[in-house]
Every structure is written in C-alpha cells, then in structure tokens.
Participant: 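What follows is a single structure, and I will ask about it in a moment.
The basis for the numbers below is simple: all heavy atoms, side chains too, and nothing from hydrogens, waters or symmetry mates. Below, chain A is the first sequence line, B the second, and so on; all start at residue 1.
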Amino acid sequence: MLDNFFLLENIQKSVYTNEGKTIRVLDQVDINVENHEFICIMGPSGCGKSLLLRIMGGIDNMSGGKISFKGNVYEDGIDKQTKSDFGYVFQHDNLLDWRTVYQNVHLPLEFDKKSNTKKTDERERILNVLKLVGLDAYEKSYPRELSGGMRQRTAIARALVHNPSILLLDQPFGALDAITRKILSYELLKIWHREQKTVIMVTNNIEEALLLSNKIYVLSRKPSNVTHIIDVPFTYDERWTNLLEHPEYEAVTEELTGYLSERSEHENAHESQDNHSTVKSLDHYLASLGDIDHRVSC
Amino acid sequence: MKRKISSFLLPAAAVIILFILWEISISIFAIPAWKLSRPTEIAMALFRDYKEILPAVFYTYTNVIIGFVLAMTVGLSLGSFINGNKLAGVTLTPYVNLLCTIPLITIVPLLMLWFGIGRPIIILTIVIQSFPIMNFNCCVAFANVDPLRLELMDSFKVGKLKRLYYCILPDAIPGVFTGIKLSAILSILSSITAEMTGGNQGLGAQINVFVAFLKMPQAMACIFYIALLGLVLYYSISHIEARIMKTRNNEGEQAS
Amino acid sequence: MEMTKTKPFITLEHVNKEFVTKNKTTRALSDVSLEVSKGEFLVIVGASGCGKSTIIRLIDDIIKPTSGTIQVDGFEYDNTKPISKDFISRMGFVFQIPNLYPWLTVRENLLLPLKLLNINTKEHVEYAEYLLDMVHLQNYAGAYPNEISGGMAQRLGVIRAMVHKPEILMMDEPYGALDELTREQMDIELLDLWKQLGTTIIFITHDVEEAVLVGSRIYVMKSDPGRIVADVPIEFGTNRTINNKFTHQFSVYCDQITELIGEIDLSKIK
Amino acid sequence: MIIILLLWEISTIAFHVDSKVLPSFTDILSAFQNKFIPIILPDLLITMKNLVLGYVIAVPLGILIAAICAQSQTLVKIATPLIIMTLVTPVIIIVPILIPFIGFDAKIKVLVVILQTAPIIILNSLVGFTNVKQEKLDLMKSYGASRFEIFRKITFMDALPRVFAGLELGCILSTIGAVSGDIAVGDGGIGTRIQMAASTLATDTVFASILSTCLLAIILFQVVVWIERNVIAWK
C-alpha cells in the first residue's frame, strides 16, 4: 500500500437523538488527501460534512472505519500526540474572550509538551503568524474589540502557530459578510501556498470552493457518502486573475451546482403534484430535515 | 420518564445514606445524647411531640408565605414602576439596591421597640429583608431585555403597557424567577431569625425553648421542618419556572 | 405589470444621519436623496457600514434623521413626533435576525402584529393562515421558534411583516445568515410573493448576485460617509428564475455593480 | 435623600416625639459623635473580624466544592438539594446545637458566617461550571486536553461572571450571618450591642449602630464589586 499522506477509509457515524432514535449520518466515506493539497468538502445542509471534519480533528469519534496519517493507522480516531499536528478553525471563531489576541494564539503551544521551545522562540513564532494574517498591531487587544473578519483571522493564526501539517476549516467564512469573505479567502490562498500546508475545508459557498481548492468532494444526503469528486482545473496563478473569464469556469460551476442540487430532482419525481415550481418541493424536503438538523450540528 | 425518576431518587437516596452515616457515627464515637441526637430519636420526636411542634410550624409557615408573597408583589411592582419612568428609576434604584445589601436583622430589636412582639413585626422583617433582592433582580431583568425584540416593538409604535405585556415581561421571566427564589430563601431566613430574636411563637422561638430544656431531638425536628419548607418552596418555584420556560430554549437555572 | 412613472411613492431629500456615541460621532448618511415608485422592487447594496440599514429605519420611523425630509405617499414626516399609528400599519419591517419571540408559537408570532395594531378582523386571521400555507409552515404552526430550522424562522420573519397587508415592505438583509442554496430559493419565493401582492419592497443586501437576481432597480452605496453612488435599473422583467443567473447579462450587471462598490485590490494581499 | 432627612427632623420636633421612640436626626448625629468611638466601634470591629474572616474562608471553600461537584452529573444531582437545604436553614438556629461542640468563643461566629455564605457561592459557581458553551469544550478536544486542563483553562474562566454573582450574594448573606451570630451567641459584636441598647431604650445608640452596620455592609459589598470589575476586565 503506497504510503499515502492522510487517508480515511469507509468512515461511519451514527448519532443518538434524545428521543432515543439513532440516525446514520455518515454511511461509508472515503477521502484520500495528498500532501500540500487543498480539499473542499461540500454537500447539502444536514449531510454531516462538519461532523466528518470533527472526526478528522479528533473532536468526535467515529462509529466505524479507519484513519491513516503519515503511515500509521488509527482505529478510533487520531490520538493526543498526533492532534498537535492538526489545526482546527471553527465557524464562529471560538476565541477565548478573557484572553488577548496574543494569549489566544498562544493557547495551542500550551498543549505542545514535546517541543520545549523557550519563551522567546514562542513569542517570535506568535508574532510571525500574527504578521502573516495582518494582525501584528492587535497583539494586546481583546476579542470583543475586533471585527468579525479580524476575529476569524486570529482563529486562523491560532490554528497555524504550532506549525501543524494539516489545517481543518469548518465553514470559516460562513458568518462573515460577502466583501470580508472574499478578502479572507484570497488571504487563505496565499497562506496555503506560502506555508505549504495541507488544507481540508468544509463550505457551502460554491465560488469560494472553486477559488481555493484543487479537489472538491461532494457528499450526498444523509446517510451520506462521497458521490462526486471534482478536480478544479485552475493553476495557482490563474486563481489571482478574474476567474469569471476563465474558459472552464462556467462549465465547472454548472457541474458543481448540478451535483449539489442533484438529489432534489430525484426527490421531485415522486413528490405529490405540487402546483408550485420545483423549488418549493426542495424547500419542503429541507423543511422536513429541519428538526433533525437542529440537533446534529453540521 | 426515566430521567425524571433518577433526578428524584438519587438525591433522596443520598439523604438517607447521610442519615444512616449520622446514626452509625453517633454510636461509634459514643457522642452523648445531649450533644447530638440520633435521627431515629428525631423521627420519634417528630411523631410524639407533634402537638407541641405543629402550632409553631403552622405559625412560621403562614408568616413566611404572607411575607414572601408581599415581598414578591412589592418587588415586582416597584421593578416595573422603576422600569416605567426614568425619574423614578434614577431616584429610587440606588436606595433599593443599598437595601439589598443591608442585614435587616439589625432592625428587629428596633421594630420590637416600636410595635412590641408578635406576628406583625416578623412579617414586616420578612418583607423588608426580601423585597429589595426581588426588586433588584426584576430591574436587572427588565433593563437588559434583548434590544432586537424592543426594536420590533418600536417598529409598531407600541404603547408602554403593550410593550411591557408582550415583550418585556415574557423576556424577563428568567431574571424574575431568580429574584423569586432568592426572596423565598431570604424570607425563611429572616422569619426564623426574627422569631428567635424577637418573637415568642413560631419555630425559631420553639427551638430556643427546646434547647433551653435540652430537648435536642425536638429542636432538630424543628430544624427539619424549616429545611422542608425551604426545599418545597425552592423546588416548586423551579418547577413552575421550568413549565413556563419549556416553550423556550432556556439556558439552565441560575441564581444571579 | 409595467411600472408607470407615477409621482415618487417614497422620497428622501438631502437626508443626513449622525450617531453620537460617547467618544465620537459617526456620519452614517451624508446628503442622501432617493425615490421609490409604487410597486417597485428596489434593492440597496453596499459594503457593511455604508448606512443602508439606516435608510430603511428612517423610512419606518424607528429613528429620526439629523436633517433632510422624508415623504411617503404625499405625507411628509415631522422630525419631532412619531408618525401616526394607521400610517405605521401600511409598513412592514423584516429584520436581519428573525427576531421571533421564543415564548410564542409560530402562529402566535405571526398574529402578533395584528394584536399590536389592534386590527384583529377575521379576514386578517384567514390571510395569516394563507401566508403560513404559502411558505410551507402550516404544519409547524403549533411549534415553538426553537423547534424550527433557520430557514423556516427566516420565512416566518418575512410573512410576519406582511400579515397586516402593508403597502411597503422593508427587508434588512433578511437572508444574510442562510447558506447560498437556501438563499436563492428564498429570493425566488420572495419574487413570487411580490408578483402576487404588488407590495413596494425595499431590499437591503451586501451580496451583489442576490441584488441583481431580485432587484428591478439597484441603489449602490459606499461607506464613510454613507452615500449613494449609482442607480442601476435591471431589465429582467418580473418573472425570473434561478437560470437568470447563468445569462451573460447577469454577470455584466454583477461586474458593473462590484466595480461601483470598489473592487478588492488583490495585489495588496498577494 | 436630603428631603427625607429634613422631613424626619421637622416631624420629630414638630410632634415633639419622645426621643426614646424616634430620635431626631440630630440626636443620632450627636450619638454618633460621643458614643461611636467608645461603644459602637469595638463591637463593630469584632463583628467585622468574624465577618471578613468567615467570608474569606467561605469563598475558596465554596468554589472548591462547586468545582468538585461539577465533575460528574450524578454528583451535581445529589449535591444540589443538600446545598439548598443548608442555604435555606438559617444558621442561627444551628448555633445552640453547635455550642456544646465548639463552646462559646469567637470561632463559632466565624463558622456561622461560613455556613451562611458558602451554599449560595457553591450553587452559583456550580451553575456556572455546568453551563459552558459546547464549542469551547470542542476546542479543547481538538487539542486533546486533559479534564484538569479543560477546567483550568476554560470552565473556570468562562464561569467567572456567575461565580462573582455568587460572591456578591454571599457578601449579603455573610453580613446577615455575622449579625445573627452575634445575637445568638452574645458576648460582644454589634448585634448584641443593638439588642442591649434596644432593651435599655437607648434608641439613639440603636439607630447609630444600625447605621454603622449598614455602612459596613455597603462598603464590603462595594469592595467585592470593585474586585469583580478588575478581574473580569474583558467583559
């Protein structure tokens, strides 16, 4: 078996709701990640894509399947030691309000027993990573004094400071307005390229996924597995130009949008004769997922 | 249903175990009866001397309930009045908040001087000691109502009364209930203390009598009644709050 | 339904608005003038902080302007006292966060405006049921806000602002928090409601694509100080669907508006 | 405030109320001048010593117990009713039972303050420790932090505002505890001073000592509020 960098084989996960029901969220998910690759995971809301990311980061454990990372295999999720090789960014930045930006970014280093770096090295590393995200002037300020974009930048800096080889991003720009989202996605592109990291990002913004990733994994509805893998045909330099003019942009966008709303046509076939347009029945289907969606956070 | 039973059985079991431990420790260390009586003795005292204890229990319970209800209404109405107009808010709030922090037990001897011994001064002490904390929590709850919900009211140019009924009161329920629980606790505290220092009837006074005659089990029995009143009041209030709050995603019970 | 050039239904002339906080005064709006004709679907788009939400709060009389005049259907606002109650009942406001009352069921939340404006006729209550059915919430009518999903809460917020049949509907980035797919469906659904009811809609968003998809006319705004920089009419007619997005004309409009807002200069990031 | 005082002054003189029943404000002021130092102050200091000592012990004790109980849900279920029981039973009634064990010295008054203050601190801190946002705990899981690290870095800091609310309430209850402790045990302290003065109808000293106790309570409360404002600077 060739020594692959980060491989997830038939990951399964079922969740117990407090009414005692068990729901299979992840059926058999296989994801193979090469080193220095930027992967996006997309899918309709409620398909468990965030849950999959949490399993990768060791936040939730999996009901079945195998994870292999840099050659060694983990039956029930990565162990504590390997976690220091992962950086996780949450959707709502998840900063600690009682700590300054500097102390927030310092947090991961407090768990890094193996590296007995001295105080000065730590400070230097934190300042570097803060400069990388453009927040070196905000070292002393508290999270409440920062805008949404700046808080998310601090979260990204915090996920980079202990120099992990894999970055896991759970809809990092979901809560930001369109303009800040665009700026941050370009900055993320630059960071990925310059720091030579491997990035796995969950998103439901098509434009963002196409701009950033080399490969997009599309998940189906619950119980989900990977239905499509799209290779994004843009080189790094092309991504800095206006992608709208790129010859293949419209084709790959339509392909991706088709896959994402694919399941809905299948549903409409046996949907009751609803005189409203097809959009209404997809809406209806989403509504019925509403209550389950509420308990399973993804 | 399973969760309900376990949430009741567990604490009850713990209390029983506590009693058993208590019983054993007495026999092991051979603590003399006049120092600490056994739970069994207390239980017997409860049944045998109920004639003596019950009137006192009845007296204290009525005092506490009257005082507590009075304190609650005064606190709530003052709270909505202060929230109503700014002038009252500015002038009254500092004093009422100060009242919260003052140990009003000190005025019991004074009240005794003015009104002599008896039920009125006990109820008065309860009200004076409990209503400020209720008012304080109401004011805090009314003040930080979610601004968005108020903005919805503004967009319909709603009058003060409707605003209070539809938006402020429902939103403030968690804070108000915290106030109610606290004033319940303070009501019991102040009633017993008032009875002990200034009263001649009621559990507080009864305990003095029992202790004087070294009837420890009976004294402990009275304490049991007070603890029972406290638990019943506290849990019934939380139950009412839970039923009202079941319709919302409340963030757990907190005594602020 | 073609819009004839009637007297402007809503006009703002040279409106300024300053918010005075303890250490600084921010000029949210500086010398803003705009017109909205009856039955039009106007969209205001711009980066956050350009004062677009302030404009609709002025029209709905939630806040008062520092200077300038506001006129709605011939009635000029008096900057000292609030507008009359029956005038208010002609306007509906949709908030960015659904802002539902958790202690009321879905139906009670919907009927709340009727109670507040005390117009509780049977006909209005029937109309409320019709609205519930139109947005697929009828079998959630008895549920409480914390039991329904984000999309459903958002839809309830929209129909709640329409239950008293307002002539003007103001929406402050109503679908900002939803994911892209759901947001598109909401936009199309809103267009259906607009076609059926003919309400004048003022729609606020920071998403250029959403603006072009729904708007029949777009005001583009810039920040510090908040001002209107362009008025772009969109000729897509009234019955639009998602595939309007894939037409060439659509991306031309998008580029034009993004240009006006001010392109992000990538070189600085690289 | 001034209006009330004026009214008070005029009414006492106008209706020439017997100073034994309601002394005029000036009487109280004079009582303050000549009686404060020799009589009121020493008792006030005794009570204050017990109060502060009791409070300073009750705070860490309460937080510690809450931290231990917060570790497991079953423990929380068992502890809460017990805490409420101790919270509700006025400690003053347990004094006569404690005396045979501890005897008559000041230690018992400090114990009274502790028993009166600790429960409310435990209850509030416990609520704070058990209601931490799930996202913050997930963050810790992503670092593989141990239970103790999670408590020290996240749970304790996140719960601080609730803990301080408990400390403020504890401060109120501790003053009540201290004064009732004086009354129950006797031998010195402002509580006994007030009782004695009342029995000898020295109403002006009663008023003066009541006012000074209230002043003491207010100062202590403001100290706790001041500490909170500095510790929770990030709010």
Participant: Side chain, backbone, both or neither: which part of D:K153 has a heavy atom under 4.5 Å from chain A?
Facilitator: both
Participant: A quick test of your reading: do over 12 heavy atoms of other residues, nucleotides or ligands sit less than 6.0 Å from CD of A:E145?
Facilitator: yes
Participant: Less than 4.5 Å to any heavy atom of chain D: does that hold for the side chain of A:L107, its backbone, both, or neither?
Facilitator: side chain
Participant: Are there over 12 heavy-atom neighbours, none belonging to A:Y102, within less than 6.0 Å of that residue's OH?
Facilitator: yes
Participant: Should we say atom CZ of A:R24 is surrounded by more than 12 heavy atoms from elsewhere, each under 6.0 Å from it?
Facilitator: yes
Participant: So if I take each residue of residues 134-146 of chain D and look for any heavy atom under 4.5 Å from a heavy atom in chain A, which residues do I end up with?
Facilitator: D:E135, D:K136, D:D138, D:L139, D:M140, D:K141, D:S142, D:Y143, D:G144, D:A145
Participant: Less than 4.5 Å to any heavy atom of chain A: does that hold for the side chain of D:L160, its backbone, both, or neither?
Facilitator: neither
Participant: Testing D:I232, D:V231, D:I154 one by one against A:W98 for a side chain to side chain contact (heavy atoms under 4.5 Å, CB included), which residue passes?
Facilitator: D:I154
Participant: To the nearest 0.5 Å, what is the distance between CD on D:E149 and CD on A:E110?
Facilitator: 9.0 Å
Participant: Select one option (side chain, backbone, both, neither) describing which atoms of A:Y88 are under 4.5 Å from chain D's heavy atoms.
Facilitator: side chain
Participant: Using a heavy-atom distance cut-off of less than 4.5 Å, which residues of residues 57-68 of chain D contact chain A?
Facilitator: none
